[in-house]
Amino acid sequence: MPVLYLVGTPIGNLEDMTLRAIRILREVALVAAEDTRTARVLFSRYEIKTPLTSYHEQGSATKAPRLLRRLAEHDIALITEAGMPGVSDPGYALVRAALEQGFRVEVVPGPSAVTAALAVSGLPPDQFIFLGFLPRSAGQRRRLLTSTVDEPRTLVALEAPHRIKASLEELASVFGERQLAVCRELTKLHEEVFRGTAQQAAEHFQQPRGEFTLVIEGCSDLPEPVPDAEVIVQLRKLRQAGLRAKQAVAQVTRETGNRRREVYRLWVELEQGD
């Protein structure tokens with residue numbers, strides 16, 4: 001059965017291309033690329049002569065069926081502009097469609113801005129949450145960041161150069177003096193890693209250029225959670241007083257500092273047990 005290969009490509013330095021990735025790109029019948037201009041530079045460097053076709057967000061809906069028809073007969077590779085296809089790019093839709101039609105999908109691992117930034121950041125890498133590209137809308141961006149302010153795990157996000165200053169200022173407002181690493185142009189000639197607070201970073205990047213990956217320190221000052229037994233006692237009192245789930249859960253979350261979803265879980269268990 002033909003295979004759809006997801007091939008990781010360099011995020012900057014072309015020397016980061018793997019031997020397996022080069023072989024696969026030479027052997028498949030067709031390579032679908034998010035940006036064919038970037039792909040041609042890569043192909044020229046490694047003498048890859050496989051036919052190229054574009055597969056980007058704007059044309060993915062109409063292009064996917066044609067690629068799947070080609071996949072029925074031959075192996076195809078999918079590459080993004082940089083890094084792993086399917087992560088913060090339109091490749092995910094093609095992967096889902098291929099799987100739904102019963103095709104094999106295999107990954108050829110390669111460079112990743114997310115793991116590279118996490119490794120070089122100096123912040124805890126054992127657990128992290130990937131936020132993808134931060135929302136373009138200021139309101140949506142603030143809501144997303146506010147929703148993660150109590151998250152103890154390290155946060156990783158991507159941002160474009162023309163929005164980085166606004167995002168850093170928003171981070172300073174939401175996260176205060178929390179530490180972060182701003183990684184710019186990873187693996188490229190002008191690679192830069194700034195470590196400090198969001199406000200310091202906003203002052204540093206006066207004329208930002210290049211691609212940015214943000215690594216943000218998780219919350220480390222959360223209070224010790226109240227034991228479930230005590231939470232249940234409070235919830236039962238509020239339930240007997242006639243409060244509905246939303247009101248009771250909000251009040252107990254505010255008073256204990258416990259996570260809302262855990263308090264809500266106990267409320268559900270309390271209702272089911274009565």
Side-chain angles (χ1 to χ4, degrees), residues 86-88 92-93 95-96 99-100 114-115 117-119 121-159 163 166-182 196-202 213-274:
V87 180
S88 292
Y92 169 75
V95 172
R96 288 301 312 165
L99 291 173
E100 288 169 0
V114 174
T115 54
L118 191 65
S121 69
L123 294 170
D126 50 335
Q127 293 187 5
F128 69 95
I129 294 179
F130 178 51
L131 302 178
F133 277 96
L134 294 177
R136 298 183 181 188
S137 162
Q140 292 178 349
R141 184 168 60 240
R142 186 172 185 84
R143 283 191 291 273
L144 172 63
L145 295 177
T146 301
S147 72
T148 63
V149 73
D150 291 332
E151 173 56 57
R153 290 168 288 189
T154 300
L155 304 173
V156 182
L158 306 177
E159 190 52 287
R163 292 195 300 269
S167 291
L168 288 171
E169 289 168 358
E170 197 71 67
L171 281 164
S173 173
V174 173
F175 292 99
E177 296 298 305
R178 199 176 299 184
Q179 294 293 299
L180 83 167
V182 182
T197 67
Q199 186 59 51
Q200 290 169 339
T213 306
L214 307 173
V215 185
I216 307 156
E217 181 182 21
C219 181
S220 59
D221 57 358
L222 288 175
E224 285 295 321
V226 174
D228 287 358
E230 294 183 23
V231 174
I232 291 173
V233 170
Q234 294 186 45
L235 289 174
R236 181 174 284 114
K237 289 180 179 178
L238 295 175
R239 186 163 178 259
Q240 291 172 349
L243 270 69
R244 295 184 180 275
K246 183 177 181 179
Q247 297 169 306
V249 170
Q251 181 173 326
V252 173
T253 300
R254 186 169 57 252
E255 293 176 352
T256 64
N258 287 30
R259 293 185 181 278
R260 185 186 182 283
R261 61 176 176 268
E262 292 301 317
V263 176
Y264 180 73
R265 176 182 61 81
L266 293 173
W267 173 274
V268 172
E269 291 178 2
L270 182 63
E271 284 197 321
Q272 291 174 345
D274 289 348

Side-chain (Ser121) to main-chain (Leu118) donor-acceptor, under 3.5 angstrom: yes
Side-chain heavy atoms of Pro124 within contact of Arg153, under 4.5 Å: no
Atom pair CZ (Phe175) and CG (Leu180), whose distance is rounded to the nearest 0.5 Å: 9.5 Å
Flag side-chain contact, heavy atom, 4.5 Å: Ile232 against Trp267: no
Distance, nearest 0.5 Å, that separates CG of Leu235 from CD of Glu230: 12.0 Å
Sidechain N-carboxylate O distance under 4.0 Å for Glu170, Arg142: yes
Side chain proximity check, Arg261 to Arg265, heavy atoms < 4.5 angstrom: no
Note, Val252 side chain near Val231 side chain (heavy atom, < 4.5 Å): yes
Test: Arg259 and Glu262 ion pair at under 4.0 Å: no
Side-chain heavy atoms of Asp228 within contact of Leu266, under 4.5 Å: yes
Glu271 and Arg239, any side-chain heavy atoms less than 4.5 Å apart: yes
Whether over 12 other heavy atoms sit under 6.0 Å from Tyr92 OH: no
Least distance between heavy atoms, Leu131 atom then Ala157 atom: CB-CB, 4.2 Å
Over all atoms of both residues, closest heavy-atom pair of Ala201 and Val182: CB-CG2, 3.8 Å
Short side-chain to backbone donor-acceptor contact, Asn258 and Thr253, under 3.5 Å: no
Reported CG-to-CG distance for the pair Leu214 and Leu171, which is rounded to 0.5 angstrom: 6.5 Å
Flag if over 12 foreign heavy atoms under 6.0 Å of CD, Glu255: yes
Trace of the side chain to side chain contact (heavy atoms under 4.5 Å, CB included) decision for Leu134 with Leu145: CA-CA 9 Å; Leu134 294 177; Leu145 295 177; 4.2 Å; yes
Value rounded to 0.5 Å, distance of OG in Ser173 from CG in Leu168: 12.5 Å
Closest contact, heavy atoms only, Ala198 versus Ala172: CB-N, 3.5 Å
Intermediate values then yes/no, side chain to side chain contact (heavy atoms under 4.5 Å, CB included), Ser167 and Arg141: CA-CA 8 Å; Ser167 291; Arg141 184 168 60 240; 3.3 Å; yes
Asp150/Arg260 ion pair, N-O < 4.0 Å: no
Gap separating the CD atom of Glu217 from the OG1 atom of Thr197, nearest 0.5 angstrom: 11.0 Å
Approximate separation, where rounding is to 0.5 Å, of Arg163 CZ and Leu158 CG: 10.5 Å
Side-chain (Thr154) to main-chain (Pro125) donor-acceptor, under 3.5 angstrom: no
Validation row: Ile129, Thr148 side chains within 4.5 angstrom (heavy atoms): no
Val215 vs Leu155 side-chain heavy atoms within contact, under 4.5 Å: no
